[in-house]
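Please read the structure below before turning to the comments.
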Amino acid sequence: MRRKLAAGNWKMNGLRANLTEVTALTTAHSAPGVDILLCPPATLLAPMAAAAEGTALAVGGQDCHAAAAGAHTGDVSASMLADAGASYVILGHSERRADHGEQNEDICAKAKAALAAGLTCVICVGESEAERDAAQTLDIIGEQLSGSIPDDLTAETLVVAYEPIWAIGTGRTPTLEQIGEVHDFIRARLQSRFGEATGAATRILYGGSVKPGNAAEIFAVPNVDGALVGGASLKATDFSAIISALEAAPQQG
Ligand code: PGA
């Protein structure tokens, strides 16, 4: 049985004043029926972890360096994230792939570092609009899965997030059939690579313009085990509505 996961990605948003959203969220969901995760900017990790202490909210980083430590000005290592209170890290988000030229092999190296630091990896995959129009979606996602996920991840230490690039921050979402097709494909790939049991137990999130208004229908799609939410995770009221929709959704797996 896969435990559902509602994950929020604050991206480069949030100051200490915004931690009131965390208090509102943990008060509204003191005993949630799903896992809840927020990934703030690195500057807010420690204060958010402090605000979340004793609650069901987990916190995570948005990226880490592949090296354990060293001369890498401006970067943050996986053990630093863990030390600040993170238990997860998002890796290979399309904004990192686009803004920082991250390749599948870079993401794989970061995932190994995250695993060594005891973090669970949320590894993002997704096609561009041009790739979808050219019917390359499954090929691209297959390559991203093979290249970005190291062999030693397990159902406990890996979460896959399917995020079509053209749906991120745009208000556009794929059809439910398109989401289902990709999630089924990811499930099959995980099972053939990691074995039936591990592949069946690994959570697969959908991300890209998830909102309170569309969450329930997306969560009813088979093999959708939750969401990675950007904009709508910034406000506790919106994210709370998405968490409630996930709690009410049919059990997957
Ligand atoms: P969005 O972002 O919900 O604002 O579309 C999703 C993401 O990038 O994780």
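Both ligands and their constituent atoms are indexed starting at 1 by order of listing.
Aromatic ring pairs are classed by plane angle as parallel below 30°, tilted from 30° to 60° and perpendicular above 60°; the pair Y162 and H183 is perpendicular.
Counting only heavy atoms of the protein, atom 9 (O) of ligand 1 lies nearest to E163 OE2, 2.6 Å. Given atom 4 (O) of ligand 1, the protein heavy atom at minimum distance is G231 N, 2.9 Å.
Distances shorter than 4.0 angstrom occur between a heavy atom of G208 and an atom of ligand 1. Residue contact annotation: H93 has a non-hydrogen atom under 4.0 Å from ligand 1. For the pair S209 and ligand 1, a heavy-atom separation below 4.0 Å is found.
A donor-acceptor pair under 3.5 Å is formed between the side chain of T26 and the backbone N or O of T23.
The distance criterion of under 3.5 Å between nitrogen or oxygen atoms is met by K11 with respect to ligand 1.
Taking a cutoff of 4.0 Å between a charged side-chain nitrogen and a carboxylate oxygen, K112 and D152 do not qualify as a salt bridge. Salt bridge annotation for D106-R96: absent, with no cationic side-chain nitrogen under 4.0 angstrom from a carboxylate oxygen. The residues K110 and D75 are annotated as not salt-bridged, no charged nitrogen and carboxylate oxygen being separated by less than 4.0 angstrom.
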Evaluate the side-chain hydrogen bond (donor to acceptor under 3.5 Å, both in side chains) criterion for residues H93 and E163: first the C-alpha distance (whole Å), next the side-chain angles of each, then the deciding distance (0.1 Å), finally the verdict. CA-CA 8 Å; H93 189 282; E163 299 207 305; 3.2 Å; yes
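Nearest-residue assignment for atom 5 (O) of ligand 1 (options G169, G8, G230; heavy-atom criterion): G169.
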